[in-house]
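Atoms within each ligand, like the ligands themselves, are counted from 1 in listed order. Throughout, numbering of the chain's residues begins at 1 and tracks the sequence. In what follows, every heavy atom counts, from backbone to side chain, and hydrogens, waters and symmetry copies are set aside.
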Amino acid sequence: MRATVMYAAGDVRIENVPDPEIVEPTDAVVRVTRACICGSGLWPYNSLERSESGVVMGHEAVGVVEAVGGDVRTVSVGDVVVMPFAFSDGTCIFCHDGLQTACVHGGFFGNAEVPGAQAEAVRVPLADGTLYVLPVAEDDALMPSLLTLSDVMGTGHHAAVAANVQRGETVAVVGDGAVGLCGVIAAKRLGAEQIIMLGRHADRIALAREFGATDVVSERGAEAVEKVHELTDGYGAHSVLECVGLDQSTQTAIEIARPGGAVGRVGVPQDEAMPASQPAFFHNITVSGGPAPVRAYIEELLPDVLDGRIEPGRVFDRVVGLDEVPDGYRAMNDRESIKVMVNPT
Ligand SMILES: [Zn+2]
């Protein structure tokens, strides 16, 4: 089959690789009908060290189950399924707590051990715990929004949950990428009254406003902090969603939270140390978040997607076939595209 292989920073190729097969009796093989390129894939796109074997990329997908192992019980051949970016058994202590990204038998797609989903098909470990069967046909018009349940919508929601978003309160979202935009949807869905988007790309800001952002701050650093305080009677935001992961964005997120407020981090930190330790301490800021257990959130978010109450699929502004995936990485890296959907067939 054909798949997306990244060999080094900037070196993305479409190649023939072995077809995925059932290896463990708990596996499923899924024919990928939709995948996408993730903002987190831009970190390796800019920094991956060259390897001989390369990595099959992609951790977000919707597809149709083609084969299941002998121990798979809840997923059948022909089911339309969403594949969260992490696989999980669904039975361990952390899965029971709704933290599937900490599953004791779990892991992530798109690495040397578990090839990714920017491909014609993908092997899914622990299929019963990982896959979620969708009540739609594979060509359903809602497919873009359903696809976001594999990562960005669940991750934006996790940022809002970790930041303790409450009805009627003030939320700030740091980062105008697909996750930040989904964070706006999540904040609005949870009843936030004022939603301040910190971002600087005109197309993304326009979409953020349609999703429910009430204010936009395009400044950075100290100027951004000042602007958010102006917009919040000098207090800062109750809840801040950090959707970037850089040192400066994290610093800003902590500095714009009001005393007693919370920061929900879902941007993958690019530094070992967390900045703004002193303002976090002196303002009693809760700093929470991490890899989103999107598998746990599908149950809650799916009805709103099916009813059209939320439309996270609008973050996709480009659809490509497999051949154009390398250019899709370039387009997202150049901020020419918010998020690229891949239609592998
Ligand atoms: Zn588990």
Side-chain angles (χ1 to χ4, degrees), residues 20-30 32 35-36 38 40-41 55-77 79-117 119 121-135 146-163 179 182 186 245 264-269 288-303 305:
E21 290 175 346
I22 303 290
V23 178
E24 302 291 336
T26 47
D27 288 349
V29 171
V30 172
V32 177
C36 40
C38 186
S40 68
V55 180
V56 176
M57 299 293 292
H59 53 245
E60 300 151 274
V62 170
V64 179
V65 176
E66 269 195 336
V68 295
D71 289 349
V72 174
R73 295 285 172 267
T74 62
V75 180
S76 309
V77 171
D79 283 345
V80 176
V81 291
V82 57
M83 182 195 96
F85 67 83
F87 57 88
S88 54
D89 58 14
T91 56
C92 77
I93 186 169
F94 296 114
C95 287
H96 274 299
D97 286 348
L99 192 59
Q100 281 86 340
T101 42
C103 176
V104 296
H105 300 114
F108 299 91
F109 291 95
N111 49 67
E113 292 77 39
V114 186
V122 61
R123 178 177 80 90
V124 178
L126 303 172
D128 280 334
T130 304
L131 297 173
Y132 190 101
V133 179
L134 296 171
L146 294 166
L147 176 59
T148 67
L149 298 177
S150 66
D151 188 348
V152 287
M153 185 61 223
T155 296
H157 178 70
H158 186 57
V161 170
V179 171
C182 288
R265 298 192 305 151
V266 292
V268 182
S288 184
V294 298
R295 181 63 175 76
Y297 296 137
I298 295 174
E299 203 92 43
E300 177 179 348
L301 298 171
L302 179 61
V305 170

So the angle subtended at the Zn ion (ligand 1) by C95 atom SG and C103 atom SG, rounded to 10 degrees, is 110°

field: Donor-acceptor under 3.5 Å (S88 side chain, T130 main chain)
entry: no

Practice prompt. Measure from the Zn ion (ligand 1) to each N, O or S atom of H105 and report whether any distance is below 2.8 Å.
Written response: no

The N/O/S atom of D89 lying closest to the Zn ion (ligand 1) is OD1

Answer yes or no: are there more than 12 heavy-atom neighbours, outside F94 itself, under 6.0 Å from its atom CZ?
no

Walk me through it: do D71 and T26 pass the test side-chain hydrogen bond (donor to acceptor under 3.5 Å, both in side chains)?
-> CA-CA 5 Å; D71 289 349; T26 47; over 6 Å; no

*May I ask you to check whether over 12 heavy atoms, not counting those of E300, lie within 6.0 Å of atom CD?*
yes

Is it true that some N/O/S atom of H96, main chain or side chain, lies under 2.8 Å from the Zn ion (ligand 1)? no

